[in-house]
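Here's the structure, in structure tokens; my notes come after.
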Amino acid sequence: MNQQRNQIVDAVVIARILGAALVVPVLQVNIIWGDESEFSDIFDLGHFKKVLADDVRILSSLPSTHVMTRPVEEKRTPLHVSPQWIRSRYLKRINKEGVLLLRGLDSRLSKDLPPDLQKLRCKVAFQALRFAPPILELGNKLARRMQSKGPYFALHLRIEKDVWVRTGCLPGLSKEYDEIVHNERRRHPEFLTAKSNLSYHERKLAGLCPLNAFEVTRLLKALGAPRSARIYWAGGQPLGGKEALSPLTREFPHFYNKEGLALPGELEPFANKASFMAAIDYIVSEKSDVFMASHGGNMGHAIQGQRAYAGHKKYITPNKRHMLPYFVNSSLPEAEFNRIIKELHQESLGQPELRSSKAGRDVTKYPVPECMCKRNKTT
């Protein structure tokens, strides 16, 4: 769902670059989740059109005058193309043929765009893409249940089987589960997105693997999270089930997810709809007092950007590459370990982080300063 959000953002910007109308995007069925949801099932289409009315003309479907048109089809747009490339490649062709069909837009459009297009990116991501009313209603309801007993911490756990398979990493549970991951990788090599030749241990120490529940527990304790902390965990069914979560549930007994918060029957309309479940997790996580993801990924990036855009709401970015060597040092006293971990995270607790400090960063993850309002100075 969050990858689809990114591609919808870029689709709107490309339509603006070309001065073309945008037909509501058709969402492809994910090969892992098999979710056949359409745009209007997940997002509020009326709101999407209204917010973007002054930027791009949006059509619910292809007009009858264009149905028989053979579209200009592009399956392999290069990575990080510029607006100039988009115009030179497509403008004459779309004016002649009338329809342009783009597939797989993920990371195809440059992250460094003119200011007006960067602002449009943020407008789509943070204002136009509102979830459909049934999802929004239930997500807000679960968030209120978490808020009813005080502040809460949202944790996006990336420990599902497909995550271990795709990242080239291992869950650290047992040889049995390691073998499950290895076998899945052998059966479906196309699932592996990590193309590096690094071994698992090298990937781990380089900070390229998700944190497992034991590592997340040590990190939270080192940062000062008390046993009474109320934690909402977002994510799918972890590989290893309850066993995989046991380090966290033993240390933090006030541990909730959407299934635990929902009343009987509330989640039934969303059963077997991975995008709906991800959207509910997104809402509850975004409304938390503190947010942290155990690994990067589209949801963590989207929420980080939205929280910054909404006023630098606190989030923690685990400094995996620098902290993991201390995790394997068994001779390090706990007090010293905690001091080091706190020191490593002093600059990654949700403070405003400028996108301009590093070229190629996505403005929807780092909306400062391009997407923030500028107040006129008064004398």
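From a predicted model like this one, the values you see are computed outputs, not experimental measurements.
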Original post:
Does atom NZ of Lys313 have more than 12 heavy-atom neighbours, drawn from other residues, nucleotides or ligands, at distances under 6.0 Å?
Top reply: yes
Original post:
Side-chain contact, heavy-atom cut-off 4.5 Å: Asp112 with Arg355?
Top reply: yes
Original post:
Do the ring planes of Phe270 and Phe276 sit parallel (below 30°), tilted (30 to 60°) or perpendicular (above 60°)?
Top reply: tilted
Subject >> Side chain proximity check, Ser40 to Val24, heavy atoms < 4.5 angstrom >> reply: no
Subject >> Test side chain to side chain contact (heavy atoms under 4.5 Å, CB included) applied to Leu344 and Ile340, step by step >> reply: CA-CA 6 Å; Leu344 286 174; Ile340 292 170; 4.1 Å; yes
**OP:** Take Tyr309 and Phe126 through the test ring pair (Phe, Tyr, Trp, His ring centres under 6.0 Å) and record every step on the way to the result.
**Re:** CA-CA 8 Å; Tyr309 185 79; Phe126 304 136; 4.7 Å; yes
Original post:
Strictly by modelled atom types, are Lys49 and Ser60 linked by a side-chain donor-acceptor pair under 3.5 Å?
Top reply: yes
Subject >> Test log, rule side-chain hydrogen bond (donor to acceptor under 3.5 Å, both in side chains), inputs Arg121 and Gln118 >> reply: CA-CA 5 Å; Arg121 260 188 171 143; Gln118 295 291 60; 3.2 Å; yes
**OP:** Go through Trp164 and Ile180 one step at a time and tell me if the side chain to side chain contact (heavy atoms under 4.5 Å, CB included) criterion holds.
**Re:** CA-CA 10 Å; Trp164 297 119; Ile180 289 173; over 6 Å; no
Original post:
Does atom CZ of Arg339 have more than 12 heavy-atom neighbours, drawn from other residues, nucleotides or ligands, at distances under 6.0 Å?
Top reply: yes
**OP:** State whether the side chain of Glu370 and the backbone N or O of Pro367 hold a donor-acceptor pair below 3.5 Å, judged by distance alone.
**Re:** no
Original post:
So, do Tyr90 and Trp85 have ring centers that fall under 6.0 Å from each other?
Top reply: yes
Original post:
Is any NZ, NE, NH1 or NH2 atom of the basic residue among Arg218 and Glu215 found under 4.0 Å from an Asp or Glu carboxylate oxygen of the other?
Top reply: no
Original post:
Could you go step by step and tell me if Ser37 and Leu27 meet the side chain to side chain contact (heavy atoms under 4.5 Å, CB included) rule?
Top reply: CA-CA 7 Å; Ser37 300; Leu27 308 183; 5.5 Å; no
Original post:
Would you say the side-chain atoms of His322 and Asn319 include a donor-acceptor pair closer than 3.5 Å?
Top reply: yes
Original post:
Quick one: does Asn95's side chain have a donor or acceptor within less than 3.5 Å of a partner on Leu91's backbone?
Top reply: yes
Original post:
Can Ser331 and Asn329 be said to form a side-chain hydrogen bond (donor to acceptor under 3.5 Å, both in side chains), step by step?
Top reply: CA-CA 6 Å; Ser331 64; Asn329 184 354; 2.6 Å; yes
Original post:
Which atoms form the tightest heavy-atom contact between Ala244 and Leu173, and what is the distance?
Top reply: CA-CD2, 3.8 Å
**OP:** State yes or no: are the ring centers of Phe48 and Phe39 separated by less than 6.0 Å?
**Re:** yes
**OP:** Could you tell me whether the side chain of Gln127 and the main chain of Leu52 form a donor-acceptor pair under 3.5 Å?
**Re:** no
**OP:** Look at the side chain of Arg321 and the backbone N and O of Leu205, then say whether any donor-acceptor pair between them is shorter than 3.5 Å.
**Re:** no
Original post:
Are Glu353 and Arg361 ion-paired here, with the side-chain N under 4.0 Å from a carboxylate O?
Top reply: yes
Original post:
Salt bridge check: are Arg186 and Glu179 linked by an N-O gap of less than 4.0 Å?
Top reply: yes
**OP:** Report yes if some heavy atom in the side chain of His312 is under 4.5 Å from a heavy atom in the side chain of Arg307; otherwise report no.
**Re:** no
Original post:
Is there a donor-acceptor pair under 3.5 Å between the side chain of Arg145 and the backbone N or O of Leu261?
Top reply: yes
Original post:
Any donor-acceptor pair under 3.5 Å linking the side chain of Lys320 with the backbone of Cys209?
Top reply: yes
Original post:
Would a distance-only check, ignoring hydrogens and angles, find a side-chain to backbone donor-acceptor pair under 3.5 Å from Ser294 to Arg158?
Top reply: yes
Subject >> Heavy-atom donor-acceptor pair, Lys287 side chain to Gly139 backbone, under 3.5 Å >> reply: no
Original post:
Is the gap between the ring centers of Phe252 and Phe153 under 6.0 Å?
Top reply: no
Original post:
In terms of ring plane angle, is the pair Phe131 and Tyr282 parallel, tilted or perpendicular, where the classes change at 30° and 60°?
Top reply: perpendicular
**OP:** Take Asp55 and Lys123 through the test salt bridge (Lys or Arg N to Asp or Glu O under 4.0 Å) and record every step on the way to the result.
**Re:** CA-CA 10 Å; Asp55 302 286; Lys123 187 176 183 180; 2.7 Å; yes
Subject >> salt bridge (Lys or Arg N to Asp or Glu O under 4.0 Å) between Glu73 and Arg93, worked out >> reply: CA-CA 10 Å; Glu73 186 170 356; Arg93 297 164 72 188; over 6 Å; no
Subject >> Closest contact, heavy atoms only, Leu245 versus Ile159 >> reply: CD2-CD1, 4.0 Å
Subject >> Heavy-atom side-chain proximity of His345 to Met323 below 4.5 angstrom >> reply: yes
Original post:
Are Val56 and Leu113 grouped together when hydrophobic residues (ILVMFWY) are joined by side-chain heavy atoms under 4.5 angstrom apart?
Top reply: yes
Original post:
Which pair of non-hydrogen atoms, one from Leu170 and one from Tyr200, has the smallest distance, and what is that distance?
Top reply: N-CE1, 3.2 Å
Original post:
Is a donor on one side and an acceptor on the other found under 3.5 Å between the side chain of Asp281 and the backbone of Gly235?
Top reply: yes
**OP:** Might you work through the side chain to side chain contact (heavy atoms under 4.5 Å, CB included) test for Val165 and His188, ending with a clear yes or no?
**Re:** CA-CA 9 Å; Val165 172; His188 298 284; 6.0 Å; no
Original post:
Should Leu267 and Ile280 count as side-chain neighbours, where that means a heavy-atom distance under 4.5 Å?
Top reply: yes
Original post:
Do Ile86 and Pro83 come close enough that some side-chain heavy atom pair is under 4.5 Å?
Top reply: no
**OP:** Decide if atom CD of Glu259 counts as having more than 12 heavy atoms of other residues, nucleotides or ligands within a radius under 6.0 Å.
**Re:** yes
**OP:** Using modelled atom types only, decide if a donor and an acceptor are shared between the side chain of Glu202 and the backbone of Ser199 within a distance under 3.5 Å.
**Re:** yes
